[in-house]
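Worksheet for the structure shown next.
Every number for a ligand or one of its atoms is a count from 1 in the order of the listing. Hydrogens, waters and symmetry mates play no part in the numbers below; they use all other heavy atoms, side chains included. What you see is a predicted model; the values in this text were computed from it and never measured.
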Amino acid sequence: MSVRHHVSDELLMDYASGSLGESWSLAVSTHLALCPESRQRLAAFEMTGGALLDDIEPTQPASDDEWQKMRALLQARPDHASVNGTQDQTRPAVLPEPLRSYAGGDVDALKWKPLGPGAYHFPIRTGDGEANVRLLRIPAGKPVPEHTHGGRELTVVLSGYFRDGEDVFRRGDFEEADEDLTHQPIAGEGEDCICLAVTDAPLKFKSWLVRLVQPVLGI
Ligand code: ZN
């Protein structure tokens with residue numbers, strides 16, 4: 001597996017500093033669990049952050065409590081157990097930690113809800129209520145209806161793959177979209193594409209009904 005599409009520096013820094021909300025952080029940490037390169041960048045950010053803190057002359061001595069909080073923040077790491085060997089290596093779990101703690105370990109056992117022809121979703125509850133978090137299951141070879149976004153959309157591929165224009169997104173790949181992007185991701189052939197999607201506003205579909213029915217009609 002080689003992850004080609006990575007989380008942006010900006011988002012990763014927000015994550016490293018602890019200022020990113022839980023819902024968005026779940027997308028970032030799921031990508032981190034599957035992407036050694038992004039984990040290295042995170043470690044570099046954290047080292048830089050630590051060095052900056054060392055240089056600061058505190059005007060008042062920080063309390064033990066404050067230092068403990070800061071240390072916990074800088075040491076926060078995603079759980080890499082699923083990547084590093086506790087799982088059956090021949091068939092890695094579709095959902096890595098920490099996502100698995102939210103949704104459970106078996107994607108086939110989830111109570112998927114119909115979303116459109118052949119497509120399903122599984123809403124995930126997070127504590128911050130900042131964004132909609134869900135797993136999407138798009139049938140092999142079928143498109144998500146063309147849409148733009150009312151806000152930010154983070155997507156992490158968990159199994160299968162999808163095409164977005166010229167780009168191909170595979171397991172571990174991260175896509176960030178916003179109001180400026182109109183797209184129509186298409187699930188790859190061969191197997192359903194399962195993604196984690198986090199959005200803070202409803203998608204704006206174009207010709208929603210037509211495009212939803214199109215794959216079923218095969219036109
Ligand atoms: Zn989108």
Subject >> All side chain to side chain contact (heavy atoms under 4.5 Å, CB included) counterparts of His5, not counting sequence neighbours >> reply: Asp167, Phe169, Asp173
Original post:
Atom CG in Asp106, atom CZ in Arg100: separation rounded to 0.5 Å?
Top reply: 10.5 Å
Original post:
Could you state the interatomic distance from CG (Leu181) to OG1 (Thr148), rounded to the nearest 0.5 Å?
Top reply: 6.5 Å
**OP:** With sequence neighbours excluded, give me every ring-ring contact (aromatic ring centres under 6.0 Å, His included) pair touching residues 102-141.
**Re:** none
Subject >> Which residues share a side chain to side chain contact (heavy atoms under 4.5 Å, CB included) with Glu176, sequence neighbours left out >> reply: Ser8, Leu11, Arg152, Leu154, Phe174
Original post:
Counting heavy atoms not belonging to Arg163, are there more than 12 under 6.0 Å from its CZ?
Top reply: no
Original post:
By residue and atom, what protein N/O/S atoms are less than 2.8 Å from the Zn ion (ligand 1)?
Top reply: His147 NE2, His149 NE2, Glu153 OE1, Glu153 OE2, His183 NE2
